[in-house]
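Scope of the values below: all heavy atoms of this structure, side chains included, with no hydrogens, waters or symmetry mates. Positions are given from 1, in the same order as the sequence printed here.
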Amino acid sequence: MNVYSVLAQVSFNFQDVFRNALESIDNLGSVGAFAFIGLYIIATVAFLPGSILTLGAGVVFGVVWGSLYVFIGATLGATAAFLVGRYLARNWVASKIEGNNKFAAIDQAVGKEGLKIVLLTRLSPVFPFNLLNYAFGITKVSLKDYFIGSVGMIPGTIMYVYIGSLAGSLARIGTENQPINPTAQWAIRIIGFIATVAVTIYVTRIAKKALEQEVLSE
């Protein structure tokens, strides 16, 4: 069994775990919101796929409150992962690239334009959410810009929670029987495509400018 098969199996198993957890949360009443946010934070930091939680929030809490709780959980979880990446992994990464002036120049440039880059990557589903949380931690993006950039998750969050709400029951979440709204799906794809193109062009431009400045200073 290869690595990808193992990861797929782990992901599938956690889908069942999360679905069961959502059923328990649904019976907790007002306390369920706090339990859900806590679970989402743990899943994000632990690098676990949160799609079932996002979709399930639509069933348990409805579109409005579900979107709010997902956004809070995802933002707090992403911030925690960012801090882990910054303070536990940054020194190790820094030691590996020590003396690489070109990387330092690019990192510095990205740090200056961090808010725009974080915002654009959050709008695009192409960039893996959990991986980005740790990756941004080892750049010079400020915590403030990183945190504010989380608003880029709002459109996708609302649409996925809405899609989940259409299922009507947790048992149908993530299955072939789950109803899909074509309009919402296309909206997610269009927004994601535009954001992907924009962030690719923007980061490339920043990197090119940083490298040119580095060459001129040598």
Side-chain angles (χ1 to χ4, degrees), residues 11 14-15 17-19 21-22 25-26 32-83 114-136 141 143-170 172-175 178-199:
S11 176
F14 269 103
Q15 285 187 358
V17 171
F18 287 154
R19 191 178 287 107
L22 285 168
I25 289 173
D26 194 19
F34 296 98
F36 175 82
I37 291 173
L39 180 60
Y40 210 107
I41 292 172
I42 293 172
T44 302
V45 175
F47 227 89
L48 299 175
S51 57
I52 291 296
L53 293 178
T54 303
L55 294 168
V59 177
V60 177
F61 303 108
V63 177
V64 177
W65 289 108
S67 297
L68 178 62
Y69 298 150
V70 168
F71 178 70
I72 293 174
T75 300
L76 294 179
T79 302
F82 174 87
L83 293 173
L115 177 56
K116 295 177 183 177
I117 293 173
V118 174
L119 184 62
L120 288 170
T121 53
R122 291 311 193 196
L123 282 169
S124 172
V126 172
F127 298 94
F129 174 69
N130 288 340
L131 178 60
L132 274 183
N133 298 331
Y134 288 95
F136 275 125
V141 175
L143 177 60
K144 177 183 177 182
D145 286 346
Y146 177 79
F147 188 82
I148 295 175
S150 295
V151 299
M153 295 188 290
I154 293 177
T157 295
I158 294 175
M159 284 185 280
Y160 278 113
V161 171
Y162 167 66
I163 290 175
S165 70
L166 298 177
S169 68
L170 291 172
R172 301 177 69 186
I173 292 293
T175 67
Q178 179 181 331
I180 299 296
N181 186 303
T183 302
Q185 275 200 322
W186 275 107
I188 293 173
R189 291 171 182 169
I190 292 172
I191 292 175
F193 175 75
I194 294 174
T196 301
V197 173
V199 73

_Heavy-atom donor-acceptor pair, Ser150 side chain to Phe147 backbone, under 3.5 Å_ = yes

Return all side-chain donor-acceptor pairs below 3.5 angstrom for residues 34-56, not counting sequence neighbours, or 'none' if the list is empty.
residue : atom : partner : partner atom : Å
Tyr40   : OH   : Thr54   : OG1          : 2.7
Thr44   : OG1  : Tyr40   : O            : 2.9
Thr54   : OG1  : Gly50   : O            : 3.1

*Looking at residues at least two apart in the chain, or sitting in another chain, which of them share a side-chain hydrogen bond (donor to acceptor under 3.5 Å, both in side chains) with Asp145?*
Ser142

Where [X] and [Y] come nearest, the two heavy atoms and their spacing:
X: Ser67; Y: Thr157; answer: O-CG2, 3.6 Å
X: Val70; Y: Ala57; answer: CG2-CB, 3.6 Å
X: Leu123; Y: Pro155; answer: CD2-CG, 3.9 Å

_Just to verify, what does Tyr146 make a ring-ring contact (aromatic ring centres under 6.0 Å, His included) with, not counting sequence neighbours?_
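Applying ring-ring contact (aromatic ring centres under 6.0 Å, His included) to Tyr146 gives Phe82, Phe136.
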
*Quick one: list whatever passes side chain to side chain contact (heavy atoms under 4.5 Å, CB included) with Ser165, sequence neighbours left out.*
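Expected list: Val63, Tyr162.
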
*asked:* Checking Val64 now: which residues fulfil side chain to side chain contact (heavy atoms under 4.5 Å, CB included) with it, not counting sequence neighbours?
replied: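 Checked Val64 against side chain to side chain contact (heavy atoms under 4.5 Å, CB included); zero matches.
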
*Is the closest side-chain heavy-atom distance between Leu132 and Arg122 below 4.5 Å?*
yes

*Check whether any side-chain heavy atom of Ile148 lies under 4.5 Å from a side-chain heavy atom of Leu115, and answer yes or no.*
yes

*Look up atom CD1 in Ile154 and atom CE in Met159, then write down how far apart they are to the nearest 0.5 Å.*
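Rounded to the nearest 0.5 Å, the CD1-CE separation comes to 11.5 Å.
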
